[in-house]
Trainee: 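Please see the structure below; I have some questions.
Throughout, residue positions are numbered sequentially from 1 according to the sequence presented. The shown structure was predicted, so the numbers you read here are calculated from the model rather than taken from an experiment.
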Amino acid sequence: MQQQPRFDWFTTKITDEGGQLLHIRPSESTSHDDTLFLDEQHSNLLTEILDQVANDHSLPWSATRQAVLRAFVKVLGPEH
């Protein structure tokens, strides 16, 4: 079975209202070309989803977080 890529998310900017703009990139990469920058709406959505996952202790945090990040990259990534 092929191993799924791993992703991390980072804060790109703090907005004037105190929100965060986020980006996602493969865990092993530091290349700007591999980075998916999220707009404010998508950043808020990702933050809320990850907050819900973190608060639901029945879900495995690491695996669920990776599934969510892969979904964002699949739907919003440059090849789409």
Side-chain angles (χ1 to χ4, degrees):
M1 180 197 291
Q2 184 178 357
Q3 186 175 5
Q4 295 281 353
R6 293 193 51 81
F7 293 94
D8 293 311
W9 83 98
F10 302 90
T11 300
T12 303
K13 178 182 175 183
I14 303 296
T15 67
D16 293 337
E17 297 80 29
Q20 296 181 60
L21 294 180
L22 305 174
H23 67 271
I24 301 170
R25 71 171 180 243
S27 298
E28 300 297 320
S29 177
T30 58
S31 173
H32 190 272
D33 294 338
D34 294 337
T35 304
L36 173 62
F37 291 93
L38 303 180
D39 62 18
E40 188 171 2
Q41 182 179 12
H42 289 124
S43 292
N44 290 340
L45 178 59
L46 177 58
T47 300
E48 182 58 31
I49 291 169
L50 292 176
D51 284 349
Q52 292 294 320
V53 169
N55 289 325
D56 186 341
H57 300 292
S58 68
L59 296 171
W61 167 248
S62 182
T64 305
R65 180 188 68 211
Q66 287 303 308
V68 169
L69 294 174
R70 281 193 303 271
F72 268 78
V73 170
K74 181 178 180 181
V75 171
L76 301 175
E79 50 283 332
H80 298 282

Trainee: Please answer whether the main-chain N or O of Gln52 pairs with a side-chain N or O of Asp56 as donor and acceptor at a distance below 3.5 Å.
Mentor: no
Trainee: Donor-acceptor pair, distance only, cut-off 3.5 Å: does the side chain of Glu40 make one with the backbone of Leu21?
Mentor: no
Trainee: Looking at side-chain heavy atoms only, is the closest gap between Leu38 and Trp9 below 4.5 Å?
Mentor: no
Trainee: Shortest non-hydrogen contact from Phe7 to Arg70?
Mentor: CE1-CG, 3.6 Å
Trainee: Could you grab the distance from atom CG of Asp51 to atom CG of Asn44, nearest 0.5 Å is fine?
Mentor: 10.5 Å
Trainee: What about Phe10 and Leu76, same hydrophobic cluster or not, with Ile/Leu/Val/Met/Phe/Trp/Tyr joined at side-chain heavy-atom distances under 4.5 Å?
Mentor: no
Trainee: Taking the side chain as C-beta and beyond, is there a heavy-atom pair between Ile14 and Gln20 under 4.5 Å?
Mentor: yes
Trainee: Counting the benzene-type ring for Trp, do His32 and Phe37 have ring centres under 6.0 Å apart?
Mentor: yes
Trainee: I need the minimum non-hydrogen distance between Ser29 and Ser31, along with the two atoms involved.
Mentor: OG-N, 3.0 Å
Trainee: Would you give the length of the straight line joining atom CD of Glu28 to atom CG of Asp34, rounded to the nearest 0.5 angstrom?
Mentor: 11.5 Å
Trainee: Looking only at non-hydrogen atoms, find the nearest pair between Val68 and Leu46 and report the distance.
Mentor: CG1-CD1, 3.7 Å
Trainee: In Å, rounded to the nearest 0.5 Å, how long is the span from CG of Asp39 to CD of Gln41?
Mentor: 6.0 Å
Trainee: Are any non-hydrogen side-chain atoms of Lys13 and Ser43 less than 4.5 angstrom apart?
Mentor: no
Trainee: Which heavy atom of Thr47 sits nearest to which heavy atom of Leu22, and what is that distance?
Mentor: OG1-CD1, 3.5 Å
Trainee: Given 3.5 Å as the limit, does a donor-acceptor pair link the side chain of Thr35 with the main chain of Arg25, or not?
Mentor: no
